[in-house]
2 protein chains.
Amino acid sequence: MAEFEQVFRKALSSKVGLLDRITHYLVRRKGKQLRPMLVFLSAKLHGTIGPTTHRGASFIEMIHTATLVHDDVVDDSYYRRGFLSLNALWKNKIAVLVGDYLLAKGQLLVTGAGEFQTLELVSEAVREMSEGELLQIEKARRLDIDEAVYYEIIRQKTASLITACCAVGASSVGAGEESIAWMKQLGYELGMAFQIKDDLFDYERINKTGKPSGIDIKEQKMTLPLIRALSEAGSADKRRLMRSIRSGNNDPGEVSKVLAFVWESGGVKYAEDVMNQHRAKASALLDPYGDHPAAEALRQLADFVVERDR
Amino acid sequence: MAEFEQVFRKALSSKVGLLDRITHYLVRRKGKQLRPMLVFLSAKLHGTIGPTTHRGASFIEMIHTATLVHDDVVDDSYYRRGFLSLNALWKNKIAVLVGDYLLAKGQLLVTGAGEFQTLELVSEAVREMSEGELLQIEKARRLDIDEAVYYEIIRQKTASLITACCAVGASSVGAGEESIAWMKQLGYELGMAFQIKDDLFDYERINKTGKPSGIDIKEQKMTLPLIRALSEAGSADKRRLMRSIRSGNNDPGEVSKVLAFVWESGGVKYAEDVMNQHRAKASALLDPYGDHPAAEALRQLADFVVERDR
């Protein structure tokens, strides 16, 4: 990962001073680096990590950083990973341009090296991510979305890039089409588990007040625990819940009611079960690799995905 | 161009309804389509227009559309080509995502067909465009930028993609490296002339009040006519001008003073001269192609670039 950080930093450099200061800031507030790790482990599982693997990992982390920077504009977020977001510090216009710059620089890194399989795998993910976010916006504030739509949204907006990580890693060391397809499946399972976990945080994680934040409910963002709770509720409960969700933006008491119902009706448990099924499928996909050290590490990574607390 | 529009529309399609409605809107408010035209003429000059040319033209128009959509966020513009901008209609978040979607879709169009030279030429331009915009922001509100910085900004933010048009067109019909380099030079000259013309509009074009708009002066955007006027002014005039520019945001009278000075000191004339030198260099680069119909059309296009009124 230390070597990766070198490649990553170098790939971001620019002769425009403003841009250099911003990318330096972005590197400092780096996150879990789950995606580059997945690229490296998927590569190791099929061969020897080389410069193609490093470029693939850097490209994907640049894409991921670009989408976070653009998400900050999209969500009007002023914090990200405990830091002020770029658009809080430098305004929307700069956040948009820095995101575009990162996308283009990442692309040049792999295009310049003629690594077109990486490029195709990642471009497909970028298209899916923006389409997934737009699908989510289209469905936003509709309280009647079902599980199938939810799965499609999270597959596109989150699992697609994690799928690309596993595929790019394998492809970077010359793995065959069959292995790449296998790794895509692994990435899909990990990505779905990852996003369901992210959405569970809203119901599970306790904030300073000692209660779950319920921010998704406040924003009428329909995620798996709530979708399940609603689909299982009788029609009277459903009407009552819908009313609470609609007034949750101004009334924390209504949010608490929804939170309680989601727990009591088993919505949280159901989402955890679905998440764990994805984790189990990911583990099963690693069985053919036996006790290969990279397979072991990927199993641990799958555990981390569902057990992490951030 | 009719065939192009088919390819372009098809490339934009999405199964997400919201996205389909937005891209339909984008196609309707299409602009001058200078860039696809340049791709086609550059192709025709070196061979027979084929599917690779069409994909290259669509890709570039998608990139151009994406940057306009992102520019709308960047500039907080609520109008574009006489239509409401996307972010006025659908908010910033959607504009950012639609831009990202267009970038990714364009890329997939050419990556899927294995057209990597197109991809490399265009990615380089995308990096330069975002870097150029950021350079402009970095220098914004500095009244002391010189011609060299101005040329660097417009080369990156405008000429780079027009350069890519000419190169992609030639490359799409199998032109050799030497021809591609020649066409890049042509694109550079056309692109520089194009942006200087755009910047001249602010001084030349009369709005409803019968006067030039002076909006760049109001926003303290330093373009060639004003940069030249300032560099030629004596120190007393310069101080007076700087004061006028700084108070122009609230006082239309001060803007008028600056406008008058820029005209009287020859700043407008100078910018027109520089623009025409670029046009002349573009024409000269077409000499070796004699009276080839595409060369004739490109000469007319060079004339249009400097003579257009929109």
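In the text below, chain A, chain B and the rest are named by the order of the sequence lines, each starting its count at 1. These figures come from a predicted structure and were not determined experimentally.
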Subject >> Between A/Glu120 and B/Thr111: side-chain donor-acceptor atoms closer than 3.5 Å >> reply: no
Original post:
Hey, what do you get for CG (A/Leu18) to NZ (B/Lys139), rounding to the nearest 0.5 Å?
Top reply: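 It comes to 10.5 Å.
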Original post:
About how many Å separate CG of A/Leu102 and OG of B/Ser130, when rounded to the nearest 0.5 Å?
Top reply: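 Going from the OG atom of B/Ser130 to the CG atom of A/Leu102 covers 8.5 Å.
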Any side-chain heavy-atom pair of [X] and [Y] under 4.5 Å:
| X | Y | answer |
| --- | --- | --- |
| B/His70 | A/Leu97 | no |
| A/Arg21 | B/Glu138 | yes |
| B/Val126 | A/Leu103 | no |
| B/Thr67 | A/Asp100 | no |

Original post:
B/Leu19 versus chain A, heavy atoms under 4.5 Å apart: side chain, backbone, both or neither?
Top reply: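 Contact with chain A: side chain only.
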Subject >> Salt bridge present between A/Glu152 and B/Lys15 (N-O < 4.0 angstrom) >> reply: yes
**OP:** Could you tell me which portion of A/Leu135 (side chain, backbone, both or neither) has an atom closer than 4.5 angstrom to a non-hydrogen atom of chain B?
**Re:**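 Both the backbone and the side chain of A/Leu135 come within 4.5 Å of chain B.
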Original post:
In terms of heavy-atom proximity below 4.5 Å to chain B, should A/Gln117 be classed as side chain, backbone, both, or neither?
Top reply: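 No part of A/Gln117 comes within 4.5 Å of chain B.
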Subject >> Interface residue of largest heavy-atom contact number with chain B, from A/Lys105, A/Glu128, A/Arg127, under 4.5 Å >> reply: A/Arg127
**OP:** Select, from A/Gly17, A/Ser123, A/Gly132, the one with the greatest count of heavy-atom pairs under 4.5 Å involving chain B.
**Re:**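 Answer, by heavy-atom pair count under 4.5 Å with chain B: A/Ser123.
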**OP:** With a 4.5 Å cut-off on heavy-atom pairs, point out which of B/Ala104, B/Gly99, B/Ala66 contacts chain A the most.
**Re:** B/Ala104
Original post:
Take atom NZ in B/Lys157; do more than 12 heavy atoms of anything else shown fall under 6.0 Å from it?
Top reply: yes
